[in-house]
Amino acid sequence: MTRPSRVVIDKTALRHNFQRVRQLAPNSKIMAIIKADAYGHGLIRVAETLNEADAFGVACLEEAEQLREASISKPIVLLEGHHKASDLSRISELQLEVVIHNDNQLLTLEQAEINNALQLWLKIDTGMHRLGFAVDKIDNALNRITNCNNVVKPVRLMTHLATANEDKHPLTRQQLNLFEQVCKKLDFETTIANSAAILNFPETHREWIRPGLMLYGVSPMAGSDASQHGLNPVMTMESEIISIQHLKKGEPVGYGATWECPEDMPVGVVAAGYGDGFPRHAKSGTPVLVNNVRCALIGRASMDMLTVDLRNQPEAGIGDRVVLWGESLPIEEIATYADTIPYELLCGVHKRLQFIERD
Ligand SMILES: *Cc1c(COP(=O)(O)O)cnc(C)c1O
């Protein structure tokens, strides 16, 4: 691979962040969330590195199959449960755990002929209104589960918060109260917290927590970055300068000629673009590190290239290192400049990039 854009994965940072989660919630078991190719970091790589996790959470059977093929023997939870009745025999064979969130899943589970009973997480909709049984349907669902031989008892209860990344949104309190009401008469293990809740609402640390983003050293809260929470970024996206232009005042840069030089100035061309997962909507002014010095993106990012203002780094030359996010440049900040969230940037990192692991 001669193209200079690449992704560096810092496994030491990943392990550090995991320990930080343990420290924040010392009495909870950790279901490490590694869906979407571990938020773009590499499913197997992350699962092997987080060998102290109590379980892994993934979105679908295909992801779980990859983990089992890589000899990951820990509990694996399918966060959306089975998508089709015909998935159940494979799920049972691989001894996966399932989140059950609707009647149809419960019915197909009752009817299934499987060899190993499944550990089940019953998902309760406390107000996010995406997945889960309404609170008044829980008694019925639990009755059916109690009578179902395909389920390991006791089941576990789960809910998901819609606004935990905001300090004071009233919905969080409502959701917690409702979940409490359902759970207090039942003696089951429960789980509520994603990264934002782990950080903002310690009272949500139940028997299990479900960190995703924070494991990768990224903050789920707008306006804060992960270092404030003692987390270190795991992914650095980097590239190199492949050309330098010395442009005159008034000359435009890039597609659409949307940016004009305010004075005579050097402009660097970097070998990374939206084809690598750098957001095309990043505004002019988005920070880019050239030789560890903050410079500004100018003009539109194109497929394989982007352009930077080198007035802060006039001595920069071809081959010099450029960091687009990660070490010393929080992805949270880039997301803000691109009107998106760090989750989307991480998941959009293109697999054509060279991935390098650092320990
Ligand atoms: C993705 C996901 C998480 C992890 O969320 P983060 O914000 O990345 O910590 C937790 N629980 C469920 C059900 C999820 O789908």
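When a residue number appears, it is its place in the shown sequence, counting from 1. Remember, it's 1-based here, ligands and their atoms both numbered in the order they're listed.
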Original post:
Is there a heavy atom in Met158 that sits closer than 4.0 Å to ligand 1?
Top reply: yes
What is the closest protein heavy atom to [atom], and at what distance does it sit?
atom                    : result
atom 12 (C) of ligand 1 : His160 CE1, 3.5 Å
atom 7 (O) of ligand 1  : Tyr343 OH, 2.6 Å
atom 1 (C) of ligand 1  : Lys35 NZ, 1.4 Å
atom 8 (O) of ligand 1  : Tyr39 OH, 2.5 Å
atom 9 (O) of ligand 1  : Ser195 OG, 2.5 Å
atom 10 (C) of ligand 1 : Arg210 O, 3.5 Å

Original post:
With side chains defined as the heavy atoms from C-beta onward, is the minimum distance between Leu157 and Phe179 less than 4.5 Å?
Top reply: yes
Subject >> Asp187, CG: over 12 other non-hydrogen atoms inside 6.0 angstrom >> reply: no
Original post:
Any chance CE of Met128 has more than 12 other-residue heavy atoms, nucleotides or ligands included, within less than 6.0 Å?
Top reply: yes
Subject >> Residues Asp103, Lys137: salt bridge by 4.0 Å N-O rule >> reply: no
Original post:
With the threshold set at 4.0 Å, does a side-chain nitrogen-carboxylate oxygen contact exist between Arg156 and Glu207?
Top reply: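 Judged by the 4.0 Å cut-off on N to carboxylate O distance, Arg156 and Glu207 do not form a salt bridge.
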Subject >> Contact summary for Leu43 and Glu63, nearest pair of heavy atoms >> reply: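 So the minimum-distance heavy-atom pair works out to CD2-O, 3.5 Å.
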